[in-house]
2 protein chains.
Amino acid sequence: MKNSPISIGQLGKRSGVNIETIRYYEKIALLPPPDRTPAGYRQYDDGHVRRLRFIRRGRDLGFSVEAIRTLLSLAEHPDQPCGGADRLVAGHLADVERKIADLSRLRGELQGLANCCGHVVAECRIIDSLIAD
Amino acid sequence: MKNSPISIGQLGKRSGVNIETIRYYEKIALLPPPDRTPAGYRQYDDGHVRRLRFIRRGRDLGFSVEAIRTLLSLAEHPDQPCGGADRLVAGHLADVERKIADLSRLRGELQGLANCCGHVVAECRIIDSLIAD
DNA sequence: CTTGACCCTGTAGCGGCTCCAGGGTTCATG
DNA sequence: CATGAACCCTGGAGCCGCTACAGGGTCAAG
């Protein structure tokens, strides 16, 4: 019992994904090519909506397209072990934590620079600290 | 009293910048084109070393190339007011803080997903949470 | 019949590099 | 003097994940 097919614009609205991005996902084979109307318009079904939402949720969580490809292929084999998904999440979590640490250090340095002086460049701590070793 | 000129490889070592990146900076006019030997080899001087270190330090702090262009032109006019540098740092600091906030939220979500179960995909919280709305 | 909203393809651009192919140069060694 | 390693050159393509065109076709409403 397939629902009535929807246009790419509709799919974009239901999934929160830009139309250009949807076509891009098709080109990189992340989203399977849908049927076409006689005029060549793409016609998506509920499966596409679900898959694209999955992709979007993954992207929102910061997974790379390749990671999402892996997660999708896992999702398609429900009786296989899911250690792969676990490792993927753990790896990504470690990445995120590294990035937070890097940015926090950066924030500290930038806070040290802010409100340099309000005077001229020659006396400016910001420029100074960029020049200094 | 200019020091003896150095090769691009030497400049790379002294500044911690990749050779390819140095040539790229020249192409985008961030680093001025140096003299050349008769054979066409680039010959850098101390000014280049200083400027490239400035650039690198700026990049390490997460400034965009365009921001660095601005900072460099400020640095070249020591008697001008330095409010521009201040605004640049403040804006960048705000960006960094936004990114930290975003990543922290992400970290929370990923921590909620980690150690899904150790069983099969069908019972996997990770895949589940990507499928669910 | 025209207007406007939608759709199509294909290509180029973004930032900030990084890498490669296909060469030339320089210098120490045999 | 030949050889090889280490360096240098240019120009162009590739990376990621889109986004933005240009230049057209389609379709429904008024």
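Sequence lines set the chain letters: A, B, ... in the order given, protein chains first and strands last, and positions in each chain run from 1.
In this structure, the CD1 atom of B:Ile68 is 13 Å from the C1' atom of C:dC17, given to the nearest Å.
Residue-level contact check: A:Thr37 touches neither bases nor backbone, having no heavy atom under 4.0 Å from any strand.
For A:Lys99 and A:Asp102, the salt-bridge test fails: no basic side-chain N is under 4.0 Å from an acidic carboxylate O.
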With the sugar-phosphate defined as primed atoms, P, OP1 and OP2, and the base as all remaining atoms, what B/S/- string results for nucleotides 8-16 of chain C, 5' to 3', for protein heavy atoms under 4.0 Å? SB-B----B
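Taking all atoms of both residues into account, the shortest heavy-atom contact from B:Gly9 to B:Ile19 is CA-CD1, 3.9 Å.
A nucleotide of DNA chain D counts as in contact with chain A when one of its atoms lies under 4.0 Å from a heavy atom; the first and last such, 5' to 3', are D:dG17 to D:dC27.
In this model, the phosphate group of C:dT18 is approached by a side-chain N or O of B:Thr21 to a distance below 4.0 Å at OP1 or OP2. For B:Asn18, no side-chain nitrogen or oxygen approaches OP1 or OP2 of C:dC17 to under 4.0 Å.
For A:Arg14 (side chain) and A:Val49 (main-chain N/O), no donor-acceptor pair under 3.5 Å exists by modelled atom type. A donor-acceptor pair is defined here as one N or O able to donate and one able to accept, closer than 3.5 Å; such a pair exists between the side chain of B:His48 and the backbone of B:Pro32.
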Could you go step by step and tell me if A:Phe63 and B:Leu110 meet the side-chain contact (heavy atoms from CB on, under 4.5 Å) rule? CA-CA 11 Å; A:Phe63 289 100; B:Leu110 288 170; 3.9 Å; yes
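Between A:Leu61 and B:Leu130, some side-chain heavy-atom pair lies under the 4.5 Å cut-off.
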